[in-house]
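What follows is a single structure, written as structure tokens, with notes after it.
This chain uses plain numbering: 1 for the first residue, then up along the sequence.
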Amino acid sequence: MTAAKPVTEIQPLGCTHQGIFPLDAPGARRSIIAGVLLAIFLVLYTLMLHSFYEPAHPGVDQNGYMVTARLLSEHGRLYFKPHNPLQFAGRMMVLTPDGKIFAKYPPGVGFLGAIARILYRPSAMYLVDPICTVMALFFAYFLFRSLLDPFMALIGVIWLGLNPVTLTYADDANSHGAALGFTVLGFWALLSWWRKGGLWRGIVAGLALGFCCSIRYTEFLWCLPLLAVVVMAVKDHRRSWRQGLMVLLAFAVPVAILALINWASFGAPWRTGYWFCKEQTGFAWRYFIGNPAGMPPRQGNWQTALEQMENLGLFLLFPLALAGLIRLFWTSRKLALAIALWVVPSATVYLFYYWAPANDFTTAYLRFFLDIFPALIMVALWLLARAAGPNAMARALIVGFLTVVSVGYSAYTITPQLLNAKNVKLQLMAARQQLRESIKPGSVVFADEQMCNYLNSMGGYRLYSASIFSPQAFAQFNHVTDRSGPIPFQQARADLYVHLLGRKTAAGRWQAKPLAQIHGIELRLMQQAWNKHRNVAFLIPTNQIWPLVPHEPGVNIRRVAVMNPLAMPAWNTTQWMGGNQLANPRLARRLQLMRRNLLLRGQRTLLVLSCEKHPRSGAQAAAEVLGYR
């Protein structure tokens with residue numbers, strides 16, 4: 001009889017306990033095949049992004065980044081000084097005590113957008129996120145190769161590129177696509193320097209991870225895994241202390257530049273634009289734990305993050321990611337420590353953040369976690385490959401099935417949002433084109449806030465948000481001034497609008513001025529423009545013409561164009577009822593009114609206003625504009 005062999009611990013494919021990176025080099029043939037498939041996937045992914053891409057966006061966050069790009073490219077500075085207090089500035093802009101208006105965000109995305117504007121054209125700044133996302137996927141393959149074989153690394157790229165969060169912010173004119181691109185570049189270079197050496201890799205790692213801090217302030221936390229890798233590499237005599245110092249200095253350079261910019265802009269190197277909104281106080285235990293019994297009830301961020309990660313973020317993969325990160329400590333504790341320092345501090349910060357919409361169908365909260373997705377995907381697929389065993393067919397079936405299910409679910413959940421976003425952008429672009437054909441550059445334009453966000457990003461007009469000239473807007477600003485604690489909109493700006501659009505009662509409280517007085521403010525602004533021979537136009541939703549446009553004698557209002565929603569179906573009430581004629585005429589009329597209201601809500605009207613030589617009554621002018629003449 002022969003003695004039975006002792007049972008040994010199951011090892012991952014090509015794994016040894018002695019190596020930091022538990023994977024042997026694959027054959028050249030497998031690497032070439034994976035490289036070809038990667039190239040094909042990136043081409044297809046780029047074409048998919050192009051199909052949804054339109055160089056516009058109505059968002060307030062996006063306005064902050066894109067206006068910074070415009071200011072840098074046109075004036076070489078990060079701020080502007082308004083020519084009067086009511087001039088439009090996006091909600092994510094902050095007013096400093098010396099009267100300058102900055103975006104409260106770091107300038108990294110604006111810097112990239114300014115380069116695109118200078119090298120190509122103004123609308124090219126919207127290409128920053130798509131380009132950086134494709135760059136992230138390219139370097140993600142080589143990052144994943146630190147722990148995975150070529151086939152699994154390619155699967156990881158598919159998971160990273162086609163999850164709903166990446167798809168949403170790959171073309172969003174926000175900071176998340178750019179942050180993802182430079183984060184993946186930096187960590188690939190860092191692990192590559194640790195594994196293979198080469199000072200240039202370490203310098204690229206330091207510069208890329210440091211530049212991430214100028215895209216999103218919280219990415220300063222990348223200093224933790226960077227410092228850990230440098231210490232471990234030097235301590236193990238894998239790299240010299242001089243090389244380690246150069247890597248740290250490379251990280252410090254962009255961070256120091258950002259500190260100097262903040263010092264010049266906000267008065268201190270550690271002070272950011274968020275300071276003006278008290279958002280540095282927006283991290284607390286109560287946001288993490290929640291208060292379900294409160295009024296109003298608030299779900300804890302821990303619950304929101306778990307639900308959204310499993311439902312939208314990394315569907316089917318998130319539990320494996322948590323288990324894989326823990327299990328990796330038993331295989332390569334040094335690599336596991338570096339990855340944990342990448343994931344845990346960043347995730348912890350946002351688990352305590354005050355802004356966390358608890359909705360299973362939005363990616364608005366998960367975007368804060370997007371930069372740790374590559375690490376989670378990498379360890380999850382590593383654990384999955386280990387569990388599937390060495391049988392190639394079994395691994396292909398298991399991993400392929402999970403990937404197809406996840407990608408299909410992602411497409412099902414996110415495609416309607418992407419199509420809707422594309423339609424909104426096309427409407428903005430069509431409205432701007434009509435505006436350019438109707439009035440001269442430098443004209444005064446009153447527009448709804450979404451249109452102002454876009455026009456302000458592109459530049460060329462003196463803008464006012466028409467929506468603030470109403471008692472309802474005063475109530476919103478007055479609510480902001482009464483709030484304590486963190487709030488996205490700056491209280492100093494809200495207080496300014498309250499004083500301009502309101503009046504004090506005998507009891508000492510502020511209330512909105514009558515609509516006639518608010519329209520008087522608009523008329524004074526228009527008169528100043530006419531005195532300087534500037535055109536004045538309103539570009540607003542059709543159903544808001546009556547409350548927002550001053551229909552006063554002496555003002556000639558000319559309707560230039562009406563822009564309908566691109567996707568508005570031309571249905572009648574018979575089609576709404578599946579081809580059956582409605583027996584109740586009152587119900588038919590109600591459905592017709594509902595459709596008309598939907599149409600007017602998405603429809604924009606361009607009005608050009610001028611001084612009238614033969615004044616009409618305000619009611620007559622309004623009736624003509626609304627088409628009742």
Subject >> Closest non-hydrogen atom pair between Leu148 and Ala153, with its separation >> reply: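 Taking Leu148 first and Ala153 second, the nearest heavy atoms are CB-N, 3.9 Å.
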
Original post:
Listed by chain and number, what are the side chain to side chain contact (heavy atoms under 4.5 Å, CB included) partners of Cys223, not counting sequence neighbours?
Top reply: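 Listed in chain order: Phe220, Phe251.
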
Original post:
With sequence neighbours excluded, what pairs up with Arg271 under the side chain to side chain contact (heavy atoms under 4.5 Å, CB included) test?
Top reply: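 Arg271 satisfies side chain to side chain contact (heavy atoms under 4.5 Å, CB included) with Phe266, Ala268, Trp275 once adjacent residues are dropped.
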
Between [X] and [Y], is any pair of side-chain heavy atoms under 4.5 Å apart?
{"X": "Asp61", "Y": "Arg367", "result": "yes"}
{"X": "Arg395", "Y": "Asp149", "result": "yes"}
{"X": "Leu317", "Y": "Leu402", "result": "no"}
{"X": "Thr413", "Y": "Pro164", "result": "yes"}
{"X": "Pro374", "Y": "Trp342", "result": "yes"}
{"X": "Val399", "Y": "Met152", "result": "yes"}

Original post:
When Val231 is tested against each of Val234, Val229, Leu227 for side-chain contact (heavy atoms from CB on, under 4.5 Å), which residue passes?
Top reply: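 Of the listed options, the one satisfying the test is Leu227.
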
Under the side chain to side chain donor-acceptor pair (under 3.5 Å) test, which residues partner [X], sequence neighbours left out?
{"X": "Asn453", "value": "none"}
{"X": "Asp371", "value": "none"}
{"X": "Ser123", "value": "Arg121"}
{"X": "Ser175", "value": "Tyr65, Arg216"}

Subject >> Residue among Phe283, Tyr353, Tyr217, Phe373 satisfying ring pair (Phe, Tyr, Trp, His ring centres under 6.0 Å) with Phe368 >> reply: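 Running ring pair (Phe, Tyr, Trp, His ring centres under 6.0 Å) over Phe283, Tyr353, Tyr217, Phe373 with Phe368 returns exactly one hit, Tyr353.
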
Subject >> salt bridge (charged side-chain N to carboxylate O under 4.0 Å, His left out) partners of residues 329-346, not counting sequence neighbours, each pair once >> reply: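 Residue pairs with at least one partner in residues 329-346: Asp236-Lys334.
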
**OP:** Indicate whether the side chain of Tyr350 and that of Asn301 have a donor and an acceptor atom separated by less than 3.5 Å.
**Re:**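 Judged by distance alone, the side chains do not pair up.
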
Original post:
Hey, are Glu279 and Tyr354 close enough side-chain-wise for a donor-acceptor pair under 3.5 Å?
Top reply: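 Judged by distance alone, the side chains do pair up.
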
**OP:** Apply salt bridge (Lys or Arg N to Asp or Glu O under 4.0 Å) to Asp171 and list each qualifying residue two or more places apart in sequence or on a separate chain.
**Re:**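 Partners of Asp171 under the salt bridge (Lys or Arg N to Asp or Glu O under 4.0 Å) test: Lys425.
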
Original post:
Can you name the residues that form a salt bridge (Lys or Arg N to Asp or Glu O under 4.0 Å) with Arg239, not counting sequence neighbours?
Top reply: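 For Arg239, no residue satisfies salt bridge (Lys or Arg N to Asp or Glu O under 4.0 Å) once neighbours in sequence are set aside.
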
Distance-only donor-acceptor pairs under 3.5 Å for side chains of residues 38-48, two or more places apart:
from  : atom 1 : to     : atom 2 : distance (Å)
Tyr45 : OH     : Gly161 : O      : 2.7
Thr46 : OG1    : Leu42  : O      : 2.7

Original post:
Does anything in residues 156-186 pair up under ring pair (Phe, Tyr, Trp, His ring centres under 6.0 Å), and if so which pairs, sequence neighbours excluded?
Top reply: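 Passing the test, one end in residues 156-186: Tyr169-His176, Phe182-Phe211.
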
Original post:
Would you call the rings of Phe288 and Trp285 parallel, tilted or perpendicular, where under 30° means parallel and over 60° means perpendicular?
Top reply: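 Aromatic pair Phe288/Trp285 classed tilted.
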
Original post:
Going by the side chain to side chain donor-acceptor pair (under 3.5 Å) test, which pairs reach into residues 197-213, not counting sequence neighbours?
Top reply: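 Output for this query lists Ser192-Arg201.
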
